[in-house]
Structures are given as C-alpha cells and as structure tokens.
Asks: 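One structure follows; several queries about it will come next.
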Amino acid sequence: MVSSGLGKDFFDRSVLDVAKDMLGVSICCRQSDGKITRMIICETEAYDGEEDLACHASKGKTSRNQVMYGASGVIYIYLCYGMHWLLNIVCREKGYPAAVLLRGTTEVSGPGRLTKRLGIDGALNQKVASCENGLWFEDNRSGEIVIETGPRIGVDYAGKYWAEKPYRFWFSKPKSGA
DNA sequence: ACCGTGATTGAG
DNA sequence: TCAATCACGGTT
C-alpha cells in the first residue's frame with residue numbers, strides 16, 4: 001500500500017491542503033535506463049479553481065487546461081515560455097479545476113529545472129501519477145517540518161488580490177527536537 | 001534587467 | 001491568420 005504511492009484520494013482534497021501536505025513527500029521517477037530518481041519536495045504552489053485569476057482555468061476550460069477539470073492524481077504538465085516543462089498534479093473532484101505546481105526539491109530549485117532533472121516532458125500529460133507510468137509520489141515523511149507560506153511566483157498579471165494570496169508553500173529546516 | 005523561446009489564446 | 005501573453009532560467 002505504501003509503496004504504491006499517493007493516489008486519487010490523497011489529491012481529492014482542498015488544493016491548499018494537498019500543496020502543504022506534499023512538502024516532504026518523495027517524488028519518484030523511473031528513468032529510461034530503469035534507475036529510479038527520488039527527491040524530497042520542498043516547494044509547491046496551489047492553483048484553485050476558475051475564480052483564481054492566476055490559475056490556468058480562470059478563463060474556463062480549454063484544450064490545454066481541460067486535464068485540470070478531470071480526476072485527481074493525474075499529471076498536468078505543460079511547456080512554459082517555450083522552454084520549461086512545468087509539472088502539476090490535479091486535485092479536487094472531477095469538474096473542479098485545481099492543481100498543485102511542483103516548484104522544487106531539496107536538490108533542485110525551480111520548476112523547470114525539476115522536470116529537466118527528472119527527464120520528463122509533455123509525454124506524461126494526462127497520465128495518472130503511478131509506478132506503472134514512471135512517475136509517482138511516496139510519503140516517506142518522518143518528523144516535523146517548519147512550513148512557510150507566501151505569494152506565488154510570476155503571477156502579477158492575476159491582479160493584486162490573487163497575486164498576493166499565500167498559495168506558495170515551502171519548508172526550510174526540520175523542527176529541532178521533534 | 002533583459003532576453004531566448006514556442007505553445008496557447010483570443011481577437012480579427 | 002496573427003500578435004500578445006506567459007506558473008522560467010541563464011546571463012548581463
């Protein structure tokens with residue numbers, strides 16, 4: 001059960017809770033040579049519904065973002081600025097567009113660098129995050145972490161209200177003595 | 001601070 | 001059709 005990775009139920013919740021709960025979780029990726037890369041997620045962002053003007057779904061369903069309207073636990077990966085693949089996991093129930101953007105791990109800073117390190121691209125879009133698809137999440141968390149929050153990166157276009165929402169989550173150091 | 005780079009989008 | 005936009009990153 002544990003080794004099968006986090007699934008639909010984990011992601012079928014408030015996207016803010018999921019974004020926070022993914023901190024400290026391991027992202028696991030099977031490379032073409034069969035080796036498995038594992039990294040600890042340390043930074044995420046939440047994108048929550050059509051009313052969130054920073055969310056891709058803020059203008060309704062399109063061919064690009066329709067995956068966000070589907071089942072939770074599915075991978076949403078798209079090309080940004082013509083160069084960077086950005087990895088998201090769909091959250092909430094079918095019909096409600098929401099996703100968590102994975103921005104960084106303890107080894108890699110930056111959402112584009114993360115996918116580059118994992119060696120993944122748009123081929124994974126709309127696939128279920130699972131072992132058989134080569135990308136999954138394992139909750140190996142132990143001990144407490146100190147979670148910090150702040151505004152999301154690069155969303156000034158969304159207007160003051162949404163740009164300033166503390167929808168970015170990260171952790172820096174373990175709680176001492178825990 | 002500035003620019004490379006290309007899919008997506010909405011306007012025309 | 002087409003130009004403006006953009007959840008970035010590497011370099012000045």
Side-chain angles (χ1 to χ4, degrees), chain A residues 6 10-27 29 37 39-92 95-129 133 135-137 147-172:
Chain A
L6 298 175
F10 177 85
F11 297 103
D12 187 9
R13 296 185 291 141
S14 152
V15 68
L16 296 176
D17 287 343
V18 175
K20 193 169 44 176
D21 288 348
M22 287 188 81
L23 298 176
V25 163
S26 299
I27 181 169
C29 186
T37 300
M39 295 190 286
I40 308 288
I41 295 166
C42 71
E43 185 177 2
T44 61
E45 282 179 2
Y47 290 85
D48 190 17
E50 292 185 342
E51 72 165 10
D52 175 1
L53 296 183
C55 180
H56 277 179
S58 64
K59 290 173 186 157
K61 193 189 282 191
T62 67
S63 57
R64 178 176 64 161
N65 69 27
Q66 49 89 16
V67 59
M68 296 181 78
Y69 289 77
S72 60
V74 171
I75 294 163
Y76 174 37
I77 185 166
Y78 66 92
L79 192 61
C80 178
Y81 296 120
M83 303 183 208
H84 312 292
W85 290 105
L86 268 55
L87 175 62
N88 304 254
I89 308 298
V90 175
C91 294
R92 293 288 298 260
Y96 187 100
V100 170
L101 168 67
L102 302 180
R103 290 194 55 87
T105 67
T106 53
E107 299 182 38
V108 186
S109 297
R113 287 176 161 187
L114 172 60
T115 54
K116 189 177 177 189
R117 172 70 69 91
L118 293 174
I120 61 178
D121 60 25
L124 278 174
N125 192 40
Q126 306 196 55
K127 300 204 174 192
V128 174
N133 284 329
L135 183 71
W136 70 100
F137 300 92
I147 295 175
E148 302 184 59
T149 66
R152 293 170 290 186
I153 301 295
V155 295
D156 289 346
Y157 62 88
K160 188 173 163 65
Y161 179 80
W162 289 103
E164 289 182 354
K165 282 254 181 201
Y167 280 10
R168 182 161 58 102
F169 303 86
W170 70 92
F171 73 85
S172 44

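Numbers restart at 1 for each chain; the letters A, B, ... are given by sequence-line order, proteins then strands.
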Asks: Could you grab the distance from atom CG of L114(A) to atom OG1 of T105(A), nearest 0.5 Å is fine?
Replies: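 So the gap between those two atoms works out to 6.0 Å.
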
Asks: In whole angstroms, how far is the C1' atom of dC8(C) from the CG atom of L102(A)?
Replies: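 So the CG-C1' distance, L102(A) to dC8(C), works out to 15 Å.
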
Asks: Going by salt bridge (Lys or Arg N to Asp or Glu O under 4.0 Å), name the residues that satisfy it together with R103(A), two or more places apart in sequence or in a different chain.
Replies: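 Once residues adjacent in sequence are excluded, the partners of R103(A) under the salt bridge (Lys or Arg N to Asp or Glu O under 4.0 Å) criterion are E43(A), E45(A).
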
Asks: Starting at the 5' end of nucleotides 7-12 of chain B, put B wherever the base has a protein heavy atom under 4.0 Å, S where only the sugar-phosphate does, and a dash everywhere else.
Replies: -SSS--

Asks: Between N133(A) (side chain only) and L135(A) (backbone N and O only), is there a donor and an acceptor less than 3.5 Å apart?
Replies: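 Pair absent, no side-chain N/O of N133(A) close to backbone of L135(A).
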
Asks: Once pairs are restricted to Watson-Crick or G-U wobble with both distances under 3.5 Å, how does DNA chain C read as a dot-bracket string, [ ] for crossings and | for other-strand pairs?
Replies: ||||||.||||.

Asks: Quick one, F171(A) and T106(A) - any side-chain contact, counting heavy atoms below 4.5 Å?
Replies: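 F171(A) reaches T106(A) side chain to side chain.
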
Asks: Would you kindly give the CD1-to-C1' distance between I77(A) and dC8(C), to the nearest whole Å?
Replies: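 Result: 14 Å.
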
Asks: State, with a plain yes or no, whether a side-chain heavy atom of I120(A) is found less than 4.5 Å away from one of I75(A).
Replies: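 SC-SC contact between I120(A) and I75(A) ruled out.
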
Asks: Whole angstrom is fine here: how far is it from CZ in R152(A) over to P in dC6(C)?
Replies: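 In whole Å, dC6(C) P lies 14 Å from R152(A) CZ.
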
Asks: Side chain to side chain contact (heavy atoms under 4.5 Å, CB included) with Y78(A): which of L87(A), V67(A), L86(A)?
Replies: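 Passing option: L86(A).
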
Asks: Going by side chain to side chain donor-acceptor pair (under 3.5 Å), name the pairs with one or both residues in residues 108-125 of chain A, residues two or more places apart or in two chains.
Replies: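 Those involving residues 108-125 of chain A are E107(A)-R117(A).
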
Asks: Do D52(A) and Y167(A) come within less than 4.5 Å of each other through their side chains, counting heavy atoms only?
Replies: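 Yes, their side chains come closer than 4.5 Å.
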
Asks: Mind checking what makes salt bridge (Lys or Arg N to Asp or Glu O under 4.0 Å) contact with R13(A), not counting sequence neighbours?
Replies: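 For R13(A), the residues satisfying salt bridge (Lys or Arg N to Asp or Glu O under 4.0 Å) (neighbours in sequence not counted) are D21(A).
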
Asks: Just wondering, do Y47(A) and N65(A) contact through their side chains at under 4.5 Å, heavy atoms?
Replies: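 N65(A) does not reach Y47(A) side chain to side chain.
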
Asks: Which is true for L101(A) with a 4.0 Å heavy-atom rule: it touches a base, it touches only sugar-phosphate, or it touches nothing?
Replies: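 Touches a base.
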
Asks: Please give, in whole Å, the distance from dC6(C) P to I153(A) CD1?
Replies: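 Checked: the CD1 to P distance equals 16 Å.
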
Asks: Polar atom pairs between nucleotides 9-12 of chain C and protein, under 3.5 Å, N or O only, would you list them?
Replies:
{"from": "dG9(C)", "atom 1": "OP1", "to": "P111(A)", "atom 2": "N", "distance (Å)": "3.2"}
{"from": "dG9(C)", "atom 1": "OP1", "to": "G112(A)", "atom 2": "N", "distance (Å)": "2.6"}
{"from": "dG9(C)", "atom 1": "OP1", "to": "R113(A)", "atom 2": "N", "distance (Å)": "3.1"}
{"from": "dG9(C)", "atom 1": "O4'", "to": "H84(A)", "atom 2": "NE2", "distance (Å)": "3.4"}
{"from": "dG10(C)", "atom 1": "OP1", "to": "R113(A)", "atom 2": "NE", "distance (Å)": "3.2"}
{"from": "dG10(C)", "atom 1": "OP1", "to": "R113(A)", "atom 2": "NH2", "distance (Å)": "3.4"}
{"from": "dG10(C)", "atom 1": "OP2", "to": "R113(A)", "atom 2": "NE", "distance (Å)": "3.0"}
{"from": "dG10(C)", "atom 1": "OP2", "to": "R113(A)", "atom 2": "NH2", "distance (Å)": "2.3"}

Asks: Check each of Q126(A), K127(A), H56(A) against Y76(A) using the side-chain hydrogen bond (donor to acceptor under 3.5 Å, both in side chains) test, and report the only one that passes.
Replies: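 Of the listed residues Q126(A), K127(A), H56(A), the side-chain hydrogen bond (donor to acceptor under 3.5 Å, both in side chains) partner of Y76(A) is H56(A).
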
